[in-house]
Visitor: 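Dropping a structure here in structure tokens format, bear with me for questions.
Numbers restart at 1 for each chain; the letters A, B, ... are given by sequence-line order, proteins then strands. Since this is a predicted model, take the numbers as computed values, not measurements.
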Number of protein chains: 2
Amino acid sequence: MTSAAKRKAETEPTPSLGGLETTVGFVLRLAQVAVFKDLLAALKPFDLRVTDLSVLLVIEATPGLQQRAIGDMLRIQRPNLVIILDQLQARGLVRRDPVPGDRRSYALSITPEGAALLRGAKAAHAAHDRKVLEALGDLEKERMLTVLERIAAI
Amino acid sequence: MTSAAKRKAETEPTPSLGGLETTVGFVLRLAQVAVFKDLLAALKPFDLRVTDLSVLLVIEATPGLQQRAIGDMLRIQRPNLVIILDQLQARGLVRRDPVPGDRRSYALSITPEGAALLRGAKAAHAAHDRKVLEALGDLEKERMLTVLERIAAI
DNA sequence: TATTGTTATACTCTATAACTATA
DNA sequence: TATAGTTATAGAGTATAACAATA
């Protein structure tokens, strides 16, 4: 041990997280950050952020949906969703079509190009999700989802 | 049903999350946001953010700790931690004392005022944590922590 | 009056480069 | 040369107020 290291060992106490490490909230946060980082990396080849993918998935699942509905479902503020859709539309991935009977809103849908990109992105998403599921071990996914939903409803 | 509502029902399909709702990552995110929102509200009376509390807890648990060590433990970039500590110090909650043998760094500690505030904040934190634990139902906390730690290590 | 989408803006969190003073 | 703390700044992500067009 060098004298500097020795002095360091004398001076610095062994650090502790002060109980934080046995807190669900703290570990929940670490897990969520890790999952989003991993998913973001997986979506990199498609130039999509996590939010972009979620918006595309919702539109694909329910074509004709209006912006307001998507924002409500994904908890994205309307002004922020405008920007996201502008970008996706500029890339030719989604369309904003007129809604018969309501000229205020748009019917959103995925373009063929969007669908093609989504196929790859969904495969990457699935691979990522499998990694997360492996971390669950023998804890059933449904059990985990139920608990997380209950926490989300706090 | 009004004619507007009827037209709405005809036009808008029943929306779906497109499989997102059965994804651990998505629900994990909802849970984490809910937990942090609840904790932030619980800490409001003490004028502390979640990060402030975690920093105070770590310093209290290990007095004499240096800024770098705290940043590493809590995953806070050093430049950002400077601001946080500046604020806590300006409020008289923490102290930056000289470290014998290394004039580059500071030994951090909680002041009596900080300790007094922390007592209340810790009680609020504990009450919040009990709410989270209730949402776990019969799933043991240790089991949950283990799974979340494994996910965090993805 | 209320609602959809929009614009502009602000606030928080997080991240990076470069500096200083020490080691 | 490397490290601790700092400064300045930039980039996400998120939030609110106010507007135009339409209901």
Side-chain angles (χ1 to χ4, degrees), chain A residues 2-8 11-12 15 29-30 32-34 36-37 39-40 43-44 47-55 64-72 74-89 94-108, chain B residues 2-8 11-12 29-30 32-34 36-37 40 43-44 47-55 64-90 94-108:
Chain A
T2 67
S3 69
K6 181 185 282 184
R7 191 163 57 250
K8 193 173 179 180
T11 311
E12 289 181 17
R29 164 87 176 153
L30 294 183
Q32 188 263 305
V33 168
F36 267 54
K37 189 170 292 182
L39 180 53
L40 180 64
L43 294 177
K44 195 93 176 181
D47 195 21
L48 293 174
R49 292 160 301 182
V50 177
T51 311
D52 296 326
L53 174 66
S54 66
V55 167
L65 218 53
Q66 300 178 9
Q67 297 185 193
R68 170 68 180 248
I70 296 177
D72 288 348
L74 294 176
R75 313 203 184 179
I76 302 172
Q77 303 290 327
R78 272 77 66 194
N80 299 329
L81 190 57
V82 170
I83 310 296
I84 295 170
L85 287 172
D86 282 352
Q87 295 166 343
L88 294 176
Q89 188 178 27
V94 303
R95 299 181 44 172
R96 285 194 250 222
D97 288 316
V99 171
D102 190 342
R103 286 189 295 167
R104 291 173 305 179
S105 53
Y106 298 113
L108 296 161
Chain B
T2 66
S3 70
K6 182 185 281 184
R7 191 164 56 250
K8 194 173 179 178
T11 311
E12 289 181 19
R29 164 88 176 153
L30 294 183
Q32 188 262 304
V33 168
F36 268 54
K37 189 170 293 181
L40 179 64
L43 294 177
K44 195 94 175 181
D47 194 21
L48 293 174
R49 292 160 303 182
V50 177
T51 312
D52 297 325
L53 175 66
S54 65
V55 168
L65 218 53
Q66 300 178 9
Q67 296 184 194
R68 170 68 180 247
I70 297 178
D72 288 347
M73 296 172 70
L74 295 176
R75 314 204 185 177
I76 302 173
Q77 303 290 327
R78 272 78 69 199
N80 299 328
L81 189 58
V82 170
I83 311 296
I84 295 171
L85 286 171
D86 282 351
Q87 296 167 343
L88 294 177
Q89 188 178 26
V94 303
R95 300 180 44 171
R96 285 195 250 223
D97 288 317
V99 171
D102 191 340
R103 285 190 295 168
R104 290 174 305 180
S105 54
Y106 299 114
L108 296 161

Visitor: Return the nearest nucleotide to the side chain of D102(A); candidates are dA23(D), dG5(C), dG5(D).
Guide: dA23(D)

Visitor: In whole angstrom, give the distance that lies between atom CZ of F36(A) and atom C1' of dC13(C).
Guide: 15 Å

Visitor: Suppose we screen for side-chain hydrogen bond (donor to acceptor under 3.5 Å, both in side chains). Which residues come up paired with R103(A), at least two apart in sequence or across chains?
Guide: none

Visitor: Between P on dT6(C) and CG on D86(A), what's the gap in Å once rounded to a whole number?
Guide: 6 Å

Visitor: Reading nucleotides 10-16 of chain D 5' to 3', which nucleotides get B (base under 4.0 Å from a protein heavy atom), which S (sugar-phosphate only), which -?
Guide: ---SBBB

Visitor: List for me each residue that meets side-chain hydrogen bond (donor to acceptor under 3.5 Å, both in side chains) alongside R104(B), sequence neighbours excluded, and say none if there are none.
Guide: D102(B)

Visitor: Output all residues satisfying side-chain hydrogen bond (donor to acceptor under 3.5 Å, both in side chains) with D47(A), sequence neighbours left out; order by chain, then residue number.
Guide: none

Visitor: Grab the CD-C1' distance between Q66(A) and dT3(C) for me, whole Å please.
Guide: 10 Å

Visitor: Does CZ in R95(A) sit with more than 12 non-hydrogen atoms of other residues, nucleotides or ligands closer than 6.0 Å?
Guide: no

Visitor: So if I take the C1' atoms of five pairs at each end of the helix from dT1(C)-dA23(D) to dA23(C)-dT1(D) and get each local axis, what angle do the two axes make, rounded to 10 degrees?
Guide: 10°

Visitor: Determine whether a donor-acceptor pair (one donor, one acceptor, N or O, separation below 3.5 Å) exists between the side chain of R104(B) and the base of dT3(D).
Guide: yes

Visitor: Can you sort out the partners of N80(B) under side-chain hydrogen bond (donor to acceptor under 3.5 Å, both in side chains), two or more places apart, ordered by chain and number?
Guide: none

